[in-house]
> 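The structure under discussion is supplied below as structure tokens; questions concerning it will follow.
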Amino acid sequence: MSARAYDYDLFVIGGGSGGVRAGRIAALTGAKVALAEEYRMGGTCVIRGCVPKKFMVYASDYGKHIAKSEGYGWSVDGASYDHGKFMTRMHAEIDRLSAIYDRNLRNAGVEIISERAEFVDAHTLRLKTSGRTVTAEKILIATGGRPWLPSPEELPGVQHVITSNEVFEMEAVPKRLVVAGGGYIAVEFAHVFAGLGAEVTLVYRGETVLRGFDDDVRLAVHEGLKEAGVRVVTTCTFERIEKGEGGLTITLSSGHEIETDTILMAVGRQANTEGLGCEKAGVALNENGNVIVDDFSRTNIENIWAVGDVTGRMGLTPVAIREGHAFADTEFGGKPWKMDHSYVPTAVFSRPEVGTVGLSEAEARRQHGEIDIYKTNFRPMKNALNGDTSRTFMKLVVRASDQRMLGVHVVGEDAAEMIQTAAIAVKMGATKQDFDQTCALHPSSAEELVTMRTKWQPEAI
Ligand code: NDP
């Protein structure tokens, strides 16, 4: 390590998944590391994202499990749900996880600074609460993102909406909820609240939710929303929101009005770079405010890096963690490597849920030309007795020339769990024949992934 011309070898801005991993790994090499976090340790994932969201998905699912258990002989009379009780337990768990992040950092020797840090120049940061300035040889921007909202000029009445941040503080389940958006967050919360008994309407500006996913997956999820009782309104946006005696009234671009109690806007996220002083350090941002980085997470300034959501590359926790780890290994551990953003598995916790890795059919055709498609759609065994009519859909996207598996897509119960494992094979470059030669595990839904034998022919449908 260089002689201490600076207060720290590394200063990390942001205590989310990427920043914490980078800070901890760097500190374990003996580097002098500080990490500034203005809110709570853990970032979006732990505090107001993946973790509490998944707890809410579980809470919502229990109601359905109870109802469906009758088909298996159970009789559960008088079941009821207490949102306050659930929230208290959920927040206790979040507190526990946040404390673990804090403890792991301290144990690794990282100095935690519980205030906001902003650039003064490329090596200097001002700490907002204390007014102190600190210097660092290397600086990592890991400030994450936050929900994006239109301005009051763009959407009059926008002050009446909530975002995914506030969902985790709601004291009661609203009777009527309108969700705006058709991405991960909108779809997941529409299902969560429908499962918890709210009357949910989802308003999406496109025709089929989950743009960017495989078209068959999108259709399955779109239908799944309707089957879950969500009213889906498409090709519409909000014109204005008004608050009255009976609640909130949304006027849509179609001219129709919707009355509701709560509006959740999930129309994308934006990078937390506002007020960070990137311009004082000379760090270049793109037109969306994301920090521009190369494959090694280097910004245009030689001593400054950025990882995670703030870069706008792939807004997923495990991606941020790996980017942070790669940065720390490369810069402090003498083990250079970079995050490979290909074949990253992802899930949407809709009902049924989506698990996907690799390319959609359309993207595979665009990149690779001739493609073989295998599809199956079946009623999972569990649903034979419980009255649940939902089906499981699976799709394999295979490069025709060498049979390499380019994409695996599952919509069905436990899809996320299946895809994590299938992703190992896909990432290793498995072919369709490797899947075929793998013996099925019976009885399971996942066995269908290795038993699809007939190529899908569009004209046969
Ligand atoms: P997404 O980018 O996934 O979706 C945004 C949605 O809002 C899209 O449907 C988009 O429509 C719509 N939209 C955007 N702008 C407007 C507008 N001006 N008016 C109306 N609609 C608009 O964002 P999310 O906020 O849902 O999620 C952000 C990211 O967080 C995800 O991309 C993902 O990386 C991460 N995430 C991951 C989860 C997981 O792993 N399970 C869960 C939650 C979040 P259109 O389709 O037309 O562009």
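Counting starts at 1 for both ligands and their atoms, following the listed order. Heads up: numbering here begins at 1 and tracks the sequence.
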> Any idea which atoms of ligand 1 are less than 4.0 Å away from a heavy-atom of Trp148?
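What qualifies from ligand 1 is 18 (N).
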> Answer with side chain, backbone, both or neither: which part of Glu188 has a heavy atom less than 4.0 angstrom from an atom of ligand 1?
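Glu188 to ligand 1: side-chain contact only, backbone stays beyond 4.0 Å.
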> May I ask you to check whether over 12 heavy atoms, not counting those of Arg399, lie within 6.0 Å of atom CZ?
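Above 12, so yes.
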> Applying the side-chain contact (heavy atoms from CB on, under 4.5 Å) test to Leu35, which of Asp102, Leu10, Leu105, Ile13 qualifies?
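The side-chain contact (heavy atoms from CB on, under 4.5 Å) with Leu35 is passed solely by Leu105 among Asp102, Leu10, Leu105, Ile13.
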> Heavy-atom count check: over 12 atoms from other residues, nucleotides or ligands less than 6.0 Å from Phe378 CZ?
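It does: Phe378 CZ has more than 12 such atoms within range.
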> If you measure only the distance, is there a donor-acceptor pair under 3.5 Å linking the side chains of Asn104 and Asn107?
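The answer is no; no qualifying pair exists.
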> Do Thr163 and Glu166 have side-chain N/O donor and acceptor atoms under 3.5 Å apart?
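A pair is found: one side chain offers a donor N or O, the other an acceptor, under 3.5 Å apart.
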> Considering only protein heavy atoms, which is closest to atom 5 (C) of ligand 1, and at what distance to one decimal place?
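It is Gly268 N, 3.6 Å.
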> Does His83 form a ring-ring contact (aromatic ring centres under 6.0 Å, His included) with Tyr81? I'd like the steps, not just the answer.
CA-CA 6 Å; His83 193 62; Tyr81 171 70; 5.7 Å; yes
> What are the atoms of ligand 1, with element, lying closer than 4.0 Å to any heavy atom of Arg211?
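Taking each heavy atom of Arg211 in turn, ligand 1 has 45 (P), 46 (O), 47 (O), 48 (O) under 4.0 Å.
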> Measure the distance from atom 34 (O) of ligand 1 to every protein heavy atom, then report the residue, atom name and distance (to 0.1 Å) of the closest one.
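Checking every protein heavy atom, the shortest distance to atom 34 (O) of ligand 1 gives Gly315 O, 2.9 Å.
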> Is there a polar contact between ligand 1 and Ala186, counting only N or O atoms under 3.5 Å apart?
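The answer is no, given that Ala186 and ligand 1 share no N or O pair closer than 3.5 Å.
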> Report the nearest protein non-hydrogen atom to atom 46 (O) of ligand 1: residue, atom name, distance rounded to 0.1 Å.
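Atom 46 (O) of ligand 1 sits closest to the protein heavy atom Tyr204 OH, 2.7 Å.
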> Does Val283 reach the side chain of Asn300, with side-chain heavy atoms less than 4.5 Å apart?
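Result yes, sub-4.5 Å side-chain heavy-atom pair found.
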> Gly183 to ligand 1: N or O pair under 3.5 Å?
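Yes; the residue has a nitrogen or oxygen that sits under 3.5 Å from a nitrogen or oxygen of the ligand.
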> Can you name the nearest heavy-atom pair linking Phe168 to Met87, along with the distance?
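Distance-wise, the nearest heavy atoms are O-CE, 3.3 Å.
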> Tell me whether Ser297 contacts the main-chain N or O of Val293 through its side chain, where contact means a donor paired with an acceptor under 3.5 Å.
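It does not hold such a pair.
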> State the atoms of ligand 1, each with its element, that fall below the 4.0 Å cut-off from a heavy-atom position in Lys53.
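So the answer, numbered in order with elements, is 41 (N), 42 (C).
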> Any idea which protein heavy atom is nearest atom 37 (C) of ligand 1, and the distance to it?
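Closest protein heavy atom to atom 37 (C) of ligand 1: Tyr184 CD2, 3.4 Å.
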> For ligand 1, which atoms have a heavy atom of Ala347 less than 4.0 angstrom away?
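Answer, ordered by atom number: 39 (C), 40 (O), 41 (N).
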> Counting non-hydrogen protein atoms only, what is the nearest one to atom 26 (O) of ligand 1? Give residue, atom name and distance.
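For this ligand atom, the closest protein heavy atom is Ile185 N, 2.9 Å.
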> Counting from 1, what ligand 1 atoms have a heavy atom of Gly182 closer than 4.0 Å?
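Matching atoms, with element in brackets: 6 (C), 8 (C), 9 (O).
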> So, Glu353 side chain and Val348 main chain: donor-acceptor pair closer than 3.5 Å or not?
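Not a single qualifying donor-acceptor pair exists.
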> What is the closest protein heavy atom to atom 14 (C) of ligand 1, and at what distance does it sit?
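Checking every protein heavy atom, the shortest distance to atom 14 (C) of ligand 1 gives Val267 O, 3.2 Å.
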> In terms of residue, atom name and distance, what is the protein heavy atom nearest to atom 29 (C) of ligand 1?
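Checked against all protein heavy atoms, atom 29 (C) of ligand 1 sits closest to Arg269 CD, 4.2 Å.
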> Counting non-hydrogen protein atoms only, what is the nearest one to atom 11 (O) of ligand 1? Give residue, atom name and distance.
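Going by distance alone, atom 11 (O) of ligand 1 is nearest to Arg205 NE, 3.2 Å.
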